[in-house]
Amino acid sequence: MPDIPPNLTWERAAPPEATGPGPWIEIAFGESQGADDGDAPVYIRETSAPDNVVTTNRRKWDAFVLGVRAGEFDHFVEGLEA
């Protein structure tokens with residue numbers, strides 16, 4: 001497991017009007033070597049288990065976000081209420 005920098009700024013993926021402890025997903029972007037650093041680390045955790053951190057890189061994170069925006073994962077939530 002890679003070392004997790006202690007000074008990360010975690011961003012919570014929750015609606016602005018959300019209250020309570022969640023659980024919510026949090027994302028933190030690690031240090032990069034420039035604007036086009038696709039290998040820069042991205043850290044993901046859940047508020048209910050903050051010590052359990054998944055690490056990927058910026059290139060993969062950006063591809064995931066674009067896929068979400070394009071609806072590529074909508075089938076995972078079919079039938080769920082908004």
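As the structure is a computational prediction, the values presented were derived from the model and not from experiment. What you see below is based on every heavy atom in this structure, not just the backbone, and it leaves out hydrogens, waters and symmetry mates.
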Worksheet item: According to a 4.5 Å side-chain heavy-atom criterion applied to Ile, Leu, Val, Met, Phe, Trp and Tyr, with indirect links allowed, do Trp24 and Val65 form part of one hydrophobic cluster?
Response: no

Worksheet entry | Heavy-atom closest pair, residues Leu8 and Gly30 | CD2-CA, 4.3 Å

Worksheet entry | From CD1 (Ile27) to OG1 (Thr9), nearest 0.5 Å | 13.5 Å

Discussion item. Would you call the rings of Phe64 and Trp61 parallel, tilted or perpendicular, taking 30° and 60° as the class edges?
Written reply: tilted

Discussion item. I'd like to know if Val53 and Ile25 are part of one continuous hydrophobic network [Ile/Leu/Val/Met/Phe/Trp/Tyr, side-chain heavy atoms within less than 4.5 Å].
Written reply: no

Worksheet item: If you round to the nearest 0.5 Å, how far is CG of Asn57 from CG of Asp62?
Response: 9.0 Å

Item to complete: Working to the nearest 0.5 Å, report the span between CD of Glu26 and OG1 of Thr47.
Response: 6.0 Å

Worksheet item: Closest approach of Pro23 and Glu46, non-hydrogen atoms and distance?
Response: CB-OE2, 3.2 Å

Discussion item. Does this structure show an ion pair linking Asp39 with Arg59, if we count only N-O contacts that are shorter than 4.0 Å?
Written reply: yes

Worksheet item: Is there side-chain contact between Ile4 and Tyr43, with at least one heavy-atom pair below 4.5 Å?
Response: yes

Item to complete: Give, for atom CZ of Phe29 and atom CG of Asp37, the distance between the pair rounded to the nearest 0.5 Å.
Response: 13.0 Å

